[in-house]
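Below: the structure, in structure tokens.
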Number of protein chains: 2
Amino acid sequence: MPKLGMEPVRRKALVDAALRTIGSQGSLDVTMSDIAREAGVSAALAHHYFGSKQQLLIATIRALLGQLRTDAVAALKAAATPRQRVSALIRVSFQADQFTPDVVAAWLAFYGQAQSADEVRHLLVIYARRLHSNLLSGLKPLSGPDDARRIADGAAAMIDGLYIRQSLKAAPLSIEASVTLVEDYVSGQLSGLNNTLPLTQSLSPLNGERD
Amino acid sequence: MPKLGMEPVRRKALVDAALRTIGSQGSLDVTMSDIAREAGVSAALAHHYFGSKQQLLIATIRALLGQLRTDAVAALKAAATPRQRVSALIRVSFQADQFTPDVVAAWLAFYGQAQSADEVRHLLVIYARRLHSNLLSGLKPLSGPDDARRIADGAAAMIDGLYIRQSLKAAPLSIEASVTLVEDYVSGQLSGLNNTLPLTQSLSPLNGERD
DNA sequence: TTTTATTGATTGATCAGTCAATCAAAAATA
DNA sequence: TATTTTTGATTGACTGATCAATCAATAAAA
């Protein structure tokens, strides 16, 4: 069987399998054997390519983060106004493929791991910073920098919190309801400012002005 | 050494030790020996009183939840108006002893555990429901029931999200900043309604009217 | 033949949970 | 009161299972 060039194929298969396994079990207490079996290879091969379980987990987080970035970049490209950029970021966070029980459970498991593993924490901090800074760049033109920072903090927190709620699977909010909640927060905060900036587009963020 | 009536003393010591150990390590991957050592007893004694590690963990969550309820009840008792009740609930969530890195890390670890342990999930669902329903009872007099539900969802999500952010320990928000964010959200949403109800007190929630 | 892919078998460590034994206070008895 | 019995508290040592990591061996390209 051994054909050449298997390494990238196996790496991807193992990372995908790790995500599925962690997600379905909802915990990082999955064995290398579990993951390898899911990927259709031996546990020894997983060690061969990743060196350690920890490294495989880190590669898995990176994959998750990379997907999120790709999605965010694509969504931002389609947004014309600052307000639309903010909406695009909110929507990406709750995009169907990011908001599945498996993926949410995996994120949660990684957050737990962040407490004891600095490298994991670092990656999650990068995610948090990126979301915050992306939101900020959309919000700054719509308010003062201080308000923008504040609103970005609030929106980011609400997004993360909705993820947690989702993970409990008890009366979880739908994607649409989640998006609406965050949108309402942002709109409410922006319209509550001592309007020194035109806010005309802020009430229907997704219907951008024509031309 | 054996004096009578040690059981409640040991149980409490073990639960406290579990919280400290889990919090400081930031993970449920602590051994019974770790916890027992922290409590100053043997691992065998921990098993003697709790039967299993899982049961000790569940007792620990219950303790956390119980403390939260006690604090909430006390805070609600001091609140005169519905709006003040909402503020009291927000403040309790970020109360100093609930918002320490240890406690936050422990909560996070328990959320992870909720994925695979139904009893743990059930307890966390209880917490989520209690917060939501408490918020609701304060919000309903200030808005319609539908808006109240929506705002309660948003506020609860934001609170949980701020906890997560805290756990990352990267530029975490202060207690005051956290409280302010949630307060601003609630105030912003309430003032954005088609005001069919008097909202005069909603802008300075903590300065209740006299008499 | 050299290199790459792959695995079964093994190792060493870790841990939850069990158990039999010990110790000392309390209760019963003399 | 003095002595014996009972009982709760406590632990060290052990077991069985699990798992990450290693390694030597095999198979198939190149």
Side-chain angles (χ1 to χ4, degrees), chain A residues 1-22 24-61 109-110 112-113 115-120, chain B residues 1-22 24-61 109-110 112-113 115-120:
Chain A
M1 279 169 226
K3 295 168 187 166
L4 290 208
M6 279 291 100
E7 174 155 357
V9 175
R10 295 307 190 200
R11 289 189 100 98
K12 179 167 188 329
L14 283 164
V15 164
D16 289 351
L19 187 58
R20 279 198 304 277
T21 310
I22 292 167
S24 87
Q25 171 149 350
S27 152
L28 295 188
D29 287 346
V30 293
T31 69
M32 284 298 256
S33 295
D34 289 339
I35 298 173
R37 190 177 325 114
E38 175 80 21
V41 298
S42 72
L45 193 68
H47 274 101
H48 174 65
Y49 282 126
F50 286 95
S52 73
K53 182 182 176 181
Q54 181 74 355
Q55 286 309 307
L56 171 53
L57 295 184
I58 286 171
T60 306
I61 304 179
F110 288 131
Q113 184 74 356
Q115 303 306 310
S116 44
D118 276 350
E119 202 170 349
V120 173
Chain B
M1 286 163 221
K3 295 169 187 166
L4 290 207
M6 278 291 101
E7 175 157 354
V9 175
R10 294 305 189 203
R11 288 189 99 98
K12 180 169 188 327
L14 283 164
V15 163
D16 289 351
L19 188 58
R20 279 197 304 277
T21 309
I22 292 167
S24 89
Q25 171 149 351
S27 150
L28 296 188
D29 287 345
V30 294
T31 69
M32 284 297 255
S33 296
D34 290 339
I35 297 173
R37 190 177 324 115
E38 175 80 21
V41 298
S42 72
L45 193 67
H47 275 102
H48 174 66
Y49 282 128
F50 286 95
S52 74
K53 182 181 174 183
Q54 181 73 355
Q55 286 308 307
L56 171 53
L57 296 184
I58 286 171
T60 306
I61 304 179
F110 289 132
Q113 184 74 355
Q115 303 306 311
S116 43
D118 276 350
E119 201 169 350
V120 173

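Sequence lines set the chain letters: A, B, ... in the order given, protein chains first and strands last, and positions in each chain run from 1. No hydrogens, no waters, no symmetry mates; every other heavy atom, side chains included, goes into these values.
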Taken to the nearest whole Å, CG/B/Leu14 to C1'/D/dA9 is 13 Å
*Min side-chain heavy-atom separation B/Gln54-B/Val120 under 4.5 Å*: yes
From CG of B/Leu45 across to C1' of C/dG17 the rounded distance in Å is 14 Å
Assign each of A/Met32 and B/Val41 the nucleotide of DNA chain D bearing its closest heavy atom; nearer the 5' end lies the nucleotide of B/Val41
**OP:** Could you check whether A/Ser42 gets within reach of a base, just the sugar-phosphate, or nothing at all, counting any heavy atom under 4.0 Å?
**Re:** base
Per atom distances to the B/Glu7 side chain, the nearest of D/dA9, C/dG8, C/dG17 is D/dA9
In whole angstroms, the gap separating P of D/dG8 from NE2 of B/His47 amounts to 21 Å
Contact under 4.0 Å: B/Arg10 side-chain N or O vs D/dT10 OP1/OP2:
yes
With distance as the sole test, does A/Gln25 use its side chain to make a donor-acceptor pair with the main-chain N or O of A/Asp29 at under 3.5 Å? yes
Atom NE2 of B/His48 and atom C1' of C/dA20 are separated, to the nearest Å, by 14 Å
Any donor-acceptor N/O pair, A/Lys53 side chain to A/Val30 backbone, under 3.5 Å: yes
- When we call it a touch if two heavy atoms are under 4.0 Å apart, what does A/Val30 touch: a base, just sugar-phosphate, or nothing? sugar-phosphate
CD1 of B/Ile22 to CZ of B/Phe110, rounded to nearest 0.5 Å, is 4.0 Å
Rounded to whole Å, the NZ-C1' distance (B/Lys53 to C/dT18) equals 17 Å
note: B/Asp34, atom CG; C/dA16, atom P; distance rounded to Å ~ 8 Å
Has A/Asp34 got a side-chain atom pairing as donor or acceptor with A/Thr31's backbone, closer than 3.5 angstrom?
yes
Separation of C/dC15 atom P from B/Ile35 atom CD1, nearest Å, is 12 Å
Of C/dT18, C/dA5, D/dC19, the nucleotide closest to the side chain of B/Ala44 is C/dT18
With heavy atoms under 4.0 Å as the rule, sort A/Tyr49 into base, sugar-phosphate or nothing. sugar-phosphate
Taken to the nearest whole Å, CZ/B/Phe50 to P/C/dT18 is 16 Å
